A.B. asks: 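A single structure is presented below for examination.
Bear in mind the structure is a predicted one, so any value in this text is a computation, not a measurement. Count residues from 1 along the sequence.
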Amino acid sequence: MEARENMENPQANTPIHWYVLTTLSPQQTEIRLQEENAARIAHGDPRGTIQYFIPYQFLKRRYEKGHQPSHVSDADETPSIPRGAEQVKANNQTRAVLRRYIFLRAYEQDLNDLLGSDWNRWSDNRVQFFYDHERNKVTVPDRMMEKFIDACCDMQLHFELVPSLEGLTTNEEVLLNATPFRGERARVISVDYTPQGPRLTLGLQLFTGSMVLRLDNIGENDIVRHPDEGINANSGHLIDGIQRRLLTILYRRTTGKQTEKTRANDRDTLDIIYNYRYHHFEHPSARRHHLVLMLICAHLRKDKQGETELTAAAQAELEAINSGRIDKSFTDVRAYLHCALYLSTGDITHREAAKDYVRDHSPKSMALRSLVKLIRIKRV
């Protein structure tokens, strides 16, 4: 079973839980967790190893090896391995609906550190916490987790995990968390419960009072319920998504961890990102952050004309900050501008200014610290 015992942990006075997380590739995640645990054992890490359970992988081995449920005694008949087409199909369907979910038993801070580390940040297959509608990390009680693992051992039992839409009503306002309309508000038209989980039909006000855009087949995880009134998720999500992709490409180029396939994929990704260079943001901070990302993108694409124009715009923004015309001059955006300008111009004073800012101001932004770390390694 994909479970490993935790060794003595210095966080023992804090609660330990089974956390629900999601991943695109359970196979790769299992390998990475095995490597992480091996490294912890080799280095005598006081946090101990990570206990985990990956249903998608376990159910595959259950079929291959014929695991016996914990509640079946020696006197009982051992469940037969499914051999018929219907049984194989049912087993595969159960695996399919559980594919994206993994379960890790650890201290919250340990998982926060793990998911925020290079182990996860630079991976194409990022592991993320699964959140409820109030943005709380979802946990499972130990006793319920034991029963769930037993259920996965039972070859005669086939089930699925369906995200809860309890209380969702027609005409309820939600925030889109996917599609090009991410960050926009829409209203629920209908909910259809399918074998793949609930699917929603949403109505989006495209032009006030004149047209509603109907969006079909929206998943439960593609919306945010009870969004805050002041949220501006559209710009935030767009910038975060672009930033994450650019940092991944920068990491590959800086460390040389590239293949012909990833190079081709990165070129396609940069072309897509560059289409957002004319995007307009109302808030000055978002506008400058977007400028930084577009300058980095132009540099990585080797678009000399675009890089020249964006470099001039970035230098103008930096001069405005340095001249005191902007109230809060010591902001992360200053360091972001220095990073981008170092990449585009090669002027080492920009790299040193960004490094000094991170050292003196301890920014909370993990992305900024990662960017400064990368430009210190190598200019690509």
A.B. asks: If only atom types and distance count, is the side chain of Asn37 paired as donor or acceptor with the main-chain N or O of Ile50 below 3.5 Å?
C.D. replies: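 Yes, Asn37 side chain to Ile50 backbone: donor-acceptor pair under 3.5 Å.
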A.B. asks: Start with the C-alpha distance between Asp332 and Arg334, add both sets of side-chain angles, then the distance that settles salt bridge (Lys or Arg N to Asp or Glu O under 4.0 Å), and finish with yes or no.
C.D. replies: CA-CA 5 Å; Asp332 286 2; Arg334 168 184 282 187; over 6 Å; no
A.B. asks: Judged by modelled atom types alone, do Gln243 and Tyr336 share a side-chain donor-acceptor pair under 3.5 Å?
C.D. replies: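 Yes, Tyr336 and Gln243 have a side-chain donor paired with an acceptor closer than 3.5 Å.
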A.B. asks: Start with the C-alpha distance between Asp110 and Arg47, add both sets of side-chain angles, then the distance that settles salt bridge (Lys or Arg N to Asp or Glu O under 4.0 Å), and finish with yes or no.
C.D. replies: CA-CA 8 Å; Asp110 191 5; Arg47 295 174 299 175; 3.3 Å; yes
A.B. asks: Is it true that Leu24 and Ile31 fall in one hydrophobic cluster, defined by side-chain heavy atoms closer than 4.5 Å?
C.D. replies: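 No: no chain of side-chain contacts under 4.5 Å links Leu24 to Ile31.
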A.B. asks: Any chance the side chains of Asp303 and Tyr274 put a donor and an acceptor closer than 3.5 Å?
C.D. replies: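 A donor-acceptor contact under 3.5 Å links the two side chains.
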A.B. asks: Ignoring hydrogens and angles, tell me if any N or O in the side chain of Arg252 forms a donor-acceptor pair with the backbone of Thr248 under 3.5 Å.
C.D. replies: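 No.
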A.B. asks: Ring centroids only, cut at 6.0 angstrom: are His338 and Tyr357 within range, meaning strictly under it?
C.D. replies: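 Between His338 and Tyr357, the centre distance exceeds or equals 6.0 Å.
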A.B. asks: Grab the two heavy atoms, one from Ile375 and one from Cys339, that are nearest each other, plus how far apart they are.
C.D. replies: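 Heavy-atom minimum between the residues: CD1-SG, 3.7 Å.
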A.B. asks: If hydrophobic clusters are built from ILVMFWY residues whose side chains come within less than 4.5 Å, do Leu176 and Ile189 share one?
C.D. replies: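 No; Ile189 is not reachable from Leu176 via cluster members.
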A.B. asks: Any donor-acceptor pair under 3.5 Å linking the side chain of Arg187 with the backbone of Leu202?
C.D. replies: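 No, because the side chain of Arg187 does not come within donor-acceptor range (under 3.5 Å) of the backbone of Leu202.
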A.B. asks: Please tell me if the side chains of Val20 and Thr139 come closer than 4.5 Å, counting only heavy atoms from C-beta onward.
C.D. replies: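 Counting from C-beta outward, Val20 and Thr139 never come under 4.5 Å.
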A.B. asks: Could you go through Arg301 and Glu307, starting from their C-alpha distance and side-chain angles, then the distance that decides it, and tell me whether this counts as salt bridge (Lys or Arg N to Asp or Glu O under 4.0 Å)?
C.D. replies: CA-CA 9 Å; Arg301 292 181 75 250; Glu307 187 175 5; over 6 Å; no
A.B. asks: Check the hydrophobic clustering (I, L, V, M, F, W, Y; side-chain heavy atoms under 4.5 Å; chains of links allowed) and say if Tyr131 and Val127 are grouped together.
C.D. replies: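 As far as the 4.5 Å side-chain criterion goes, Val127 and Tyr131 are connected within one cluster.
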A.B. asks: Evaluate side chain to side chain contact (heavy atoms under 4.5 Å, CB included) for Ile102 paired with Thr29, printing each intermediate quantity in order.
C.D. replies: CA-CA 9 Å; Ile102 65 173; Thr29 300; 3.7 Å; yes
A.B. asks: Do you know which two heavy atoms are closest between Ala335 and Ala354, and how far apart they sit?
C.D. replies: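 Between these two residues, the closest heavy atoms are O-CB, 4.0 Å.
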A.B. asks: Report, as yes or no, whether the 6.0 Å neighbourhood of atom CZ on Arg143 holds more than 12 heavy atoms from other residues, nucleotides or ligands.
C.D. replies: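 It does not: Arg143 CZ has 12 such atoms or fewer within range.
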A.B. asks: Does one hydrophobic cluster hold both Val138 and Met145, with members joined at side-chain heavy-atom distances below 4.5 Å?
C.D. replies: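 Yes, because Val138 and Met145 connect within a single hydrophobic cluster, where side-chain heavy atoms sit under 4.5 Å apart.
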A.B. asks: Are any side-chain N or O atoms of Arg379 and backbone N or O atoms of Leu343, one a donor and one an acceptor, separated by less than 3.5 Å?
C.D. replies: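 Yes.
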A.B. asks: Show your working on salt bridge (Lys or Arg N to Asp or Glu O under 4.0 Å) between Asp266 and Arg263 and close with a plain yes or no.
C.D. replies: CA-CA 5 Å; Asp266 289 348; Arg263 286 191 184 95; over 6 Å; no
A.B. asks: Minimum heavy-atom separation for Phe103 and Pro55, please, with both atom names.
C.D. replies: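 That would be CE1-CG, 3.6 Å.
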A.B. asks: Check whether any side-chain N or O of Thr254 sits under 3.5 Å from a backbone N or O of Tyr251 as a donor-acceptor pair, and report yes or no.
C.D. replies: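 Such a contact is absent between Thr254 side chain and Tyr251 backbone.
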A.B. asks: Assigning hydrophobic clusters by single linkage (Ile, Leu, Val, Met, Phe, Trp, Tyr; side-chain heavy-atom cutoff under 4.5 Å), is Ile296 placed with Ile272?
C.D. replies: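 Ile296 does not cluster with Ile272.
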A.B. asks: Would you say the side-chain atoms of Arg40 pair up with the backbone N or O of Pro46, donor to acceptor, closer than 3.5 Å?
C.D. replies: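 No.
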A.B. asks: Parallel, tilted or perpendicular, judged at 30° and 60°: which one describes the rings of Phe148 and Phe53?
C.D. replies: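 Plane angle over 60°, so perpendicular.
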A.B. asks: For atom CZ of Arg376, is the number of surrounding heavy atoms from other residues, nucleotides or ligands below 6.0 Å larger than 12?
C.D. replies: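 Not buried by this count: 12 neighbours or fewer within 6.0 Å.
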A.B. asks: Just by distance, do the side chain of Thr262 and the backbone of Gln258 share a donor-acceptor pair under 3.5 Å?
C.D. replies: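 Between the backbone of Gln258 and the side chain of Thr262 there is no qualifying donor-acceptor contact (under 3.5 Å).
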A.B. asks: Does the Arg105 side chain pair with the main chain of Trp18, one donor and one acceptor, at a distance under 3.5 Å?
C.D. replies: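 No; zero donor-acceptor contacts below 3.5 Å.
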A.B. asks: Which pairs pass ring pair (Phe, Tyr, Trp, His ring centres under 6.0 Å) with one or both residues in residues 290-318, sequence neighbours excluded?
C.D. replies: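 The answer is Phe281-His290.
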